[in-house]
Every structure is written in structure tokens, then in C-alpha cells.
There are 2 protein chains.
Amino acid sequence: MYQEWSERFRALGDGTRLHILGILSVRDACVCELVELLPVSQPAVSQHLRKLKQAGFVREYRQKSWVFYALRTDLPPVIAAFLRDLPVAESDVSWLSTHEVAVSCAARDASELGLRGCY
Amino acid sequence: MYQEWSERFRALGDGTRLHILGILSVRDACVCELVELLPVSQPAVSQHLRKLKQAGFVREYRQKSWVFYALRTDLPPVIAAFLRDLPVAESDVSWLSTHEVAVSCAARDASELGLRGCY
DNA sequence: TAAGTATATAATAATATCCTGATGGAGGTG
DNA sequence: CACCTCCATCAGGATATTATTATATACTTA
């Protein structure tokens, strides 16, 4: 009985994972976007996403080249309420609103920055 | 911003600590009672209580020989709501209702069981 | 099919967590 | 004072967590 909830809370017991949930409360995001917004490596982001998925907080779907993650809509009410109240950094919100997915990642190939891909 | 909440959730991310909070949602309890109700050693209980106190979930007060722990009344609303909904094992409820504090611990000295103290 | 991007997994190292047994202090009581 | 109970802390070892780098897999597209 307590075990199930303790596993959920362990999934929430990490600042990076809460950061991810905060971002996803603004809009769905693909992994490469999360990598840009978070101060950790791409494999670290993948592993956090796996834990969030195992805990039942996020789902994934594939679109073009990217794997998108989204908050699940069947969250336990307590968790849903928490995420509604969770503040999101203003810098994240503005990044998410000014970057279209197709622009933020691969489409940069064509930019004059000479960047290839997200990272 | 996320760090503060991740620390709170880490404190909730353990089955024994959730068990303690469930017990304290029924009534205040002293350490020796918790030791009887939980399947771990007395030092383990003390260490869990310290974490719960550091996370701001419980307070302590001394009464006679015993140190009592109680849920704090200024919990973040999300946490308070969670604890209201958290089920408590029926066996714990009945133990807590049939044992008066003074009886459950040291006063057993006088019982015919020959027990001395709680543990 | 070949090349490149996006993502996941493997291997590993540093650190954190959680248990137990041992020890010690605080306070009550004969 | 002497002893006993309650509780906290210390010391340790086993396991879990979280990061990184290196590598593998999957999908797109030319």
C-alpha cells in the first residue's frame, strides 16, 4: 500500500525530473528540446524520462524523427494538483513559446551558425 | 525552486516513512510505539523521524519519558491532501486505538507477560 | 543503400540511502 | 546514587541513485 506511493514519490524526488515535469506542463517536448533546457547530458535526460514513464507520469509518442514526451492525463489527483501549482521558470516558458519544434532541433542544419542537430 | 520540492518528495519516497505518516495521521505516537508497529529497528525509526522532521512534515514534543511525534499542521496543501487520502492499515488503527500510550510502553513492566519496556 | 540525426542502452564511478549493532545521554524511580 | 527505559547518534556495509562517456539502435532522407 505504501510501497506504490513511495515509488511515485521517489520519481518526484529529483530536481531534474521535477524540472522536466514543469516543462511538460507547458507543452509536450521532444528529448532534444529537454536536453537543451536542462543542464545535464542527453543520456541523463533519457534515464530520467524512463523513470518518469515507469512511475506513470509521462507517456511518449513518436513524430517524425523525434520522440515526444507528454504528461499523462490519468495522473492521481494529488499529483495532478501538484503539477498544476508547480511554477515553471520564466526562461523555460519563453524558450518553449519562441521555439517551434521543427526549428529548435534539426532544422538548424540550415542556420548560419553551422550547427548540426541539437547537440 | 525544484530543489525544495524534490527534497520533500525524497522524504516521502520511502515506504517506512509513509507508514509513519499514516500512523501519525491517526494520532500522535512516541518512538517506542512506532518501533512496535514498524518492522525495522529502533535506530532506523529514529533516522526516519529525523528526515521527516527535516522535511517539515512532523514535529516532536516531550512528555514524561517519551518523545512524541505529530504531524505538523502547516503542511503544504498538496501534502496535507495526500495525507488525508492516505489509507492506514486496519491493524495499525486497531493497535493505536486499543493501546493507551502509558500502557503500551513502560507500564508493561507490571504486566504478567514479564516484558520490560517496549523493546 | 548510405549517411546523419535522435534516442536508448551499457559500463562505470561517485555519492546517497537505509539497514543493523554498538554506544551514550537524558530523565524517571527505587 | 544506581539502575532502567527511551531515544539519538555513530560506525559499518549493502544497495540504490545519478551522473558521465562510449556505443548501439532506430528513423529520415538523399
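Just so we're on the same page: letters track the sequence lines, and every chain starts at 1.
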* To do: Provide, to the nearest angstrom, the distance between the CZ atom belonging to A/Phe9 and the C1' atom belonging to C/dC18.
  => 19 Å
* To do: Name the closest nucleotide to the A/Arg62 side chain, picking from D/dA8, D/dT18, D/dC27.
  => D/dC27
* For B/Arg10 and C/dT15, what is the distance between atoms CZ and P respectively, to the nearest whole Å? -> 16 Å
* Contact nearer the 5' end of DNA chain D, comparing B/Gln47 with A/Val40 -> B/Gln47
* Asked: Should the ring pair A/Phe68 and A/Trp66 be called parallel, tilted or perpendicular, given that the plane angle runs from 0 to 90° and is split at 30 and 60?
  -> perpendicular
* Is the shortest heavy-atom distance from the side chain of A/Arg8 to the side chain of A/Phe57 under 4.5 Å? -> yes
* What is the nucleic acid contact for A/Ser65, judged by heavy atoms within less than 4.0 Å: base, sugar-phosphate only, or nothing? -> sugar-phosphate
* Would you kindly give the CD-to-P distance between B/Glu60 and C/dA26, to the nearest whole Å? => 15 Å
* Asked: Within this structure, what is the CZ-to-C1' distance between A/Phe68 and D/dC27, rounded to whole angstrom?
  -> 14 Å
* Asked: Could you give the CG-to-C1' distance, from B/Leu38 to C/dC19, as a whole number of Å?
  -> 14 Å
* **Candidates C/dT9, D/dA19, D/dA8 - which lies nearest the side chain of B/Gln42** => D/dA8
* Please determine, for the side chain of B/Pro43, which listed nucleotide (D/dT9, C/dC19, C/dT17) has the closest atom? => D/dT9
* Asked: If you find the nucleotide of DNA chain D closest to A/Gly13 and the one closest to B/Leu49, which residue's nucleotide is nearer the 5' end?
  -> B/Leu49
* Nearest whole angstrom, please: distance from the C1' of D/dA16 to the CD of A/Glu7. => 13 Å
* **Min side-chain heavy-atom separation A/Arg17-B/Tyr2 under 4.5 Å** => no
* Would you mind reporting whether B/Gln47 and B/Lys51 have side-chain heavy atoms less than 4.5 Å apart? => no
* Nearest to the side chain of B/Arg17, which nucleotide is it out of D/dA19, D/dC7, C/dC18? -> C/dC18
* **Under 4.0 angstrom between A/Tyr69 side-chain N/O and C/dA6 OP1 or OP2** => no
* Report the distance from atom CD of B/Glu36 to atom P of D/dT5, rounded to the nearest whole Å. => 14 Å
* Separation of atom CG in A/Leu34 from atom P in C/dA8, rounded to whole Å -> 10 Å
* Under 4.0 Å between any heavy atoms, over every strand shown, what does B/Lys53 touch: base, sugar-phosphate, or nothing? Just pick one. => nothing
* May I ask you to evaluate whether B/Ser41 reaches the phosphate of C/dC19, defined as a side-chain N or O under 4.0 Å from OP1 or OP2? => no
* Asked: Counting just side-chain N and O atoms, does B/His48 come under 4.0 Å of either OP1 or OP2 of C/dC19?
  -> yes
* Looking only at side-chain N and O atoms, does A/Lys64 come under 4.0 Å of OP1 or OP2 in C/dA6? -> no
* Asked: Hey, are the side chains of A/Ile23 and A/Leu38 touching, using non-hydrogen atoms and a 4.5 Å cut-off?
  -> yes
* Should B/Glu90 and B/Val93 count as side-chain neighbours, where that means a heavy-atom distance under 4.5 Å? -> yes
* To do: Look at the side-chain N and O atoms of A/Arg50 and state whether any lies under 4.0 Å from the OP1 or OP2 oxygen of C/dA8.
  => no
* From D/dC7, D/dT17, C/dC19, nucleotide with atom closest to B/Thr16 side chain -> C/dC19
